[in-house]
Amino acid sequence: MAVMTATAQARTLDCDLLVVGGGAAGLSGAVTAAYHGLTVVVAEKAPVLGGATSWSGGWMWAPLNPLSQADGIIEDVDAPRTYLKHALGDNYDEPRVEALLANSPHMVSFFENHTKLQFVSGTWIADIQGDLPGAGTGGRSVGPKPINMRRIKKSLRPKLRKQLYETSFLGLGIMAGPDLQAFLHATTSVKGFFHAAWRVAFHLLDLILYRQGMQLVNGTALIARLAQSANDLGVQLLVNTPATRLLTEDGAVTGAVLSGADGEVTVNARRGVLLAAGGFPNDVARRRELFPRTPTGQEHWTLAPTETTGDGVTLGEAAGGLFETKLASPAAWCPVSLVPYRGGRVGTYPHIVDRGKPGLIAVLSNGRRFVNEADGYYQFTSAMIEAAPADQEVAAWLICDHAFQRRYPFGMSKPFPVPVWPYLRSGYLKRGATLEDLARQCGIDPGALAATVASFNKHAAVGEDPEFGRGRSAFNRGSGDPEHKPNPSLAPLEKGPFYAIKVLPGSFGTFAGLKADASSRVLTADGEPVPGLYVAGSDQANVMGGHYPSGGINIGPAMTFGYIAGRHAAGVQDYENVIPLPLNDGN
């Protein structure tokens, strides 16, 4: 256990490893290091653990993972390696990519066998750029197994970030995969109806008994399981405790000064410090400098918590680390819509689920499509930033017909039987009896929109999209509706009223970050490691070079490089010869 001493002037805390940040990367490093015998302290700036991970889907890109192998998906490491070489191009960082591919299966095995973190296999999740050599059609992803909050230690529960309301149903998290499919077909399938009814009923009971949802899925389940694992191993979890400066001696990082409720705490960390504070998505100055078409820094809507202001990057730079900005993109883009609530609060909704469903298109103010709507959120937003007229706001409109709005989620509005009028009243949704009427309300060229839809409908009716190739890839089809024929991702927009939602550029987090080596050590401008300083998660320059080749490429590397840092700090350095352990039956 870490040891605290106090004097009249200051408090001192001694440990082996100090972790700055309590998201997936930080907790991964903390649990790994503690399992290997180190005393570990986690210092989180926010009042709760989890960072942006808590509000995510929780899925991790981890090729060759043992769960997929157990499901019969066996592939050679050269397949994902080939895919990344083609997807990343000039941004391919061979040493770190090799470290990721070599360690991610062992990371999954380690947590599955030795901690409370258990996984489910994403056998249906395909890589996004399916036309590239080596692209996977499933089996390269794992997600956290759902868990009930009752199984989490009571003292830990207040330290866990709650589900993001905008991605829930009345505060109930819904997990991608069979759970989501059941909800989507609750009005057309008896099995789907009873599944959704059971989930909602127990959620309402939890709200009555506990005043909060207790069914944890996605990112909330991942963080809860990691926090419980850390607690079991004696990790000290501090919240409301930002790190204000690093301590160094002869160029080596030896600890940090924390700002706690009772004043400063000096932490002496014998093995070093791991920076995992979540990048800089809420640092307006860095956004203004690095983000495209963001002249004031305010023209961007992040899905990360407000505390992610670049503290880790700033600390690392002060210790001599290099802030790497030469990437394909500075951020992990995602299209978002702004949800107005009574009282003036504005929510941010990430458009992940709806864009690939059949019967929806996206257009600019000129009324024309600009992208394959069913491709990844990063690809969609990148295309929007590039295609929006230079003299206009970067924005697009998602358009659907009445049948789509009643069958599928359309942004924050939910399908039948959930009423649509609250979103019309707030102005979140626009509705028009005809496409031309809808276009005038949104500031879209009416004639061009009508022509675009007519052309799209002609081809969509037979399951084709000659303009953008939507529905050809496994990823597109997986994002659609498997019950819809002939193409799960394509259907005409036929009968009004028609609906529209305005979407803007947002992000899950940042890609620019501290340059690191394959052992998660922070590097200087000369390429030398800063002794005693590690980095993982969004504080580390993105291993994908600022590209987004598959879902889960934020959390998968975050978990893996946190795992690598924890092992390196503990002196466990033989990465190549670690044999994946057999899976257990824990839950």
Side-chain angles (χ1 to χ4, degrees), residues 25 28-29 32-33 60-65 75-108 110 132-134 140 253 272 274-276 279 312-313 316-317 319-329 510-550 552-578 580:
S28 173
T32 304
M60 291 154 263
W61 195 72
L64 315 178
N65 70 78
E75 60 180 347
D76 187 86
V77 69
D78 196 51
R81 179 188 291 129
T82 298
Y83 177 61
L84 292 184
K85 283 182 177 179
H86 284 84
L88 310 187
D90 292 341
N91 299 111
Y92 186 80
D93 182 344
E94 184 172 2
R96 284 198 301 152
V97 169
E98 289 299 319
L100 174 68
L101 296 177
N103 282 275
S104 58
H106 303 312
M107 178 272 291
V108 173
F110 166 73
L132 294 182
R140 293 179 179 174
V253 174
L274 168 60
L275 300 175
V313 170
E317 284 186 295
L322 175 66
F323 181 48
E324 178 62 77
T325 61
K326 296 178 181 178
L327 301 109
S329 169
T510 47
F511 281 161
L514 295 169
K515 191 172 181 61
D517 67 8
S519 296
S520 297
R521 296 178 296 181
V522 174
L523 297 178
T524 67
D526 295 328
E528 295 297 322
V530 178
L533 190 58
Y534 299 93
V535 64
S538 294
D539 282 351
Q540 183 183 123
N542 177 245
V543 68
M544 301 295 172
H547 296 270
Y548 213 103
S550 192
I553 59 90
N554 283 322
I555 301 178
M559 289 286 297
T560 301
F561 282 102
Y563 166 78
I564 289 172
R567 286 168 54 84
H568 192 277
V572 183
Q573 300 180 34
D574 188 9
Y575 298 110
E576 289 77 16
N577 297 317
V578 178

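Positions are given from 1, in the same order as the sequence printed here.
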As a quick check of understanding, evaluate side chain to side chain contact (heavy atoms under 4.5 Å, CB included) for Leu64 and Leu101, giving each step before the final call. CA-CA 8 Å; Leu64 315 178; Leu101 296 177; 5.8 Å; no
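- Arg140 approaches Gly134 most closely through the heavy-atom pair NH2-O, 2.8 Å.
- Residues Leu84 and Pro549 meet the side-chain proximity criterion, which asks for heavy atoms closer than 4.5 Å.
- Between Pro95 and Ala518, the shortest heavy-atom contact is O-CB, 3.7 Å.
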Where do Met544 and Leu100 land on the side chain to side chain contact (heavy atoms under 4.5 Å, CB included) test, with the steps shown first? CA-CA 10 Å; Met544 301 295 172; Leu100 174 68; 3.8 Å; yes
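- Formation of a donor-acceptor pair under 3.5 Å by the Asn103 side chain with backbone atoms of Thr560 is not found in this model.
- For the atom pair CD (Glu528) and CZ (Arg521), the distance works out to 9.0 Å, reported to the nearest 0.5 Å.
- Between His568 and Tyr534, the ring-plane angle classifies as perpendicular under the 30° and 60° cut-offs.
- Interatomic distance, Asn542 CG to Thr510 OG1, rounded to the nearest 0.5 Å: 9.5 Å.
- The minimum heavy-atom distance linking Ala536 with Gly562 is given by the pair CB-N, 3.7 Å.
- Annotation: the span from Ser519 atom OG to Arg567 atom CZ amounts to 10.5 Å, rounded to 0.5 Å.
- Between the Ser28 side chain and the Met559 main chain, a donor and an acceptor come within less than 3.5 Å of each other.
- In this structure, Thr82 OG1 and Leu132 CG are separated by 11.0 Å, a value rounded to the nearest 0.5 Å.
- When every heavy atom of Leu275 is checked against every heavy atom of Gly312, the shortest pair comes out as CD1-O, 3.4 Å.
- Residues Gly546 and Ala328 approach most closely at O-CB, 3.7 Å, considering heavy atoms.
- With Val535 as reference, Val522 is the one residue of Val313, Val530, Val522, Asp517 to meet the side chain to side chain contact (heavy atoms under 4.5 Å, CB included) rule.
- The CD atom of Glu324 sits 9.0 Å away from atom CG of Asp93, with the distance rounded to the nearest 0.5 Å.
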Derivation of the side chain to side chain contact (heavy atoms under 4.5 Å, CB included) call for Phe511 and His547: CA-CA 9 Å; Phe511 281 161; His547 296 270; over 6 Å; no
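- Two residues are said to be in side-chain contact when any heavy atoms from C-beta on lie closer than 4.5 Å; Pro80 and Glu75 meet this criterion.
- Salt-bridge check for Lys85 with Glu94: failed, with every basic side-chain N at 4.0 Å or more from each acidic carboxylate O.
- In this structure, Pro105 and Pro63 approach most closely via the heavy-atom pair CG-O, 3.5 Å.
- When side chains are defined from C-beta on, Ser520 counts as touching Gln540, because their heavy atoms get closer than 4.5 Å.
- Of the inter-residue distances, the one linking Leu274 atom CG with Ile564 atom CD1 reads 11.5 Å to the nearest 0.5 angstrom.
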Using side chain to side chain contact (heavy atoms under 4.5 Å, CB included), reason through Thr524 and Leu322 one step at a time and then give a plain yes or no. CA-CA 5 Å; Thr524 67; Leu322 175 66; 6.0 Å; no
